[in-house]
Every structure is written in structure tokens, then in C-alpha cells.
Amino acid sequence: MPKSRIRKKDDFTPPPAKQAANISLSSGRGWVAPLMLAMFLIGLAWIVMFYVTTGDMPVKSLGNWNIVVGFGFIAAGFVVSTQWK
């Protein structure tokens, strides 16, 4: 039986080095993290103030709806957090 031919492999040449792309860390969304934290803290402060003052503050006429307002601020913070990269 005849011998098969041996194929010569090309020498390995590494791919050309890619230049590092300039990545801008400030993508114009520097407002997201501070706003998100502010919403969380406002909501927390609203609820704590309602409980500490036994319903006299922040808005007495809202009554127990002050809890909903506080959680609304916290929920808004979570909505804003979806924009964070």
C-alpha cells in the first residue's frame, strides 16, 4: 500500500495585536447613581419620619398613605436603577 503524503503545516503566526479602544467610563449617565440613592433615602426618611412622629409628619392629611408615598420613592429609585450601567 502506498504511503500517504505528509502535509506541511503553516507556521503559527499570531493575529495582529488590536489597539485598545478608548472606553469612556462617563457615558453621560453620571446622574443615575446619585438620583437612585437620593430616591431610596427620601423614601426611607419619609417612612421613618411617619413612624417616629406617630403620623403627624410629613403630611398629616395623608394618614397611612404616607407609607405608600415612601414606598413610591423607593420604587422610583428602583426604576431609575435600571438606567445604571
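In this chain, numbering begins with 1 at the start of the sequence shown.
Screening Trp46, Phe78, Phe73 against Phe40 for a ring-ring contact (aromatic ring centres under 6.0 Å, His included) leaves a single residue, Phe78.
Ile74 and Leu62 fall within a single hydrophobic cluster, where Ile, Leu, Val, Met, Phe, Trp and Tyr side chains are chained together by heavy-atom contacts under 4.5 Å. Cluster annotation: Val59 and Phe71 are assigned to the same hydrophobic cluster (Ile/Leu/Val/Met/Phe/Trp/Tyr, side-chain heavy-atom contacts under 4.5 Å, transitive).
With sequence neighbours excluded, no residue satisfies ring pair (Phe, Tyr, Trp, His ring centres under 6.0 Å) with Tyr51.
Taking CG from Leu44 and CD1 from Ile42, the interatomic distance works out to 11.0 Å, rounded to the nearest 0.5 Å.
Minimum interatomic distance between Gly77 and Met36 (heavy atoms only, all atoms of both residues): O-CG, 3.5 Å.
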So Phe50 and Ile47, side chain to side chain contact (heavy atoms under 4.5 Å, CB included) or not? Walk me through it. CA-CA 5 Å; Phe50 173 72; Ile47 294 171; 5.6 Å; no

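A distance-only check finds no donor-acceptor pair linking the side chain of Asn66 to the backbone of Met57 [under 3.5 Å].
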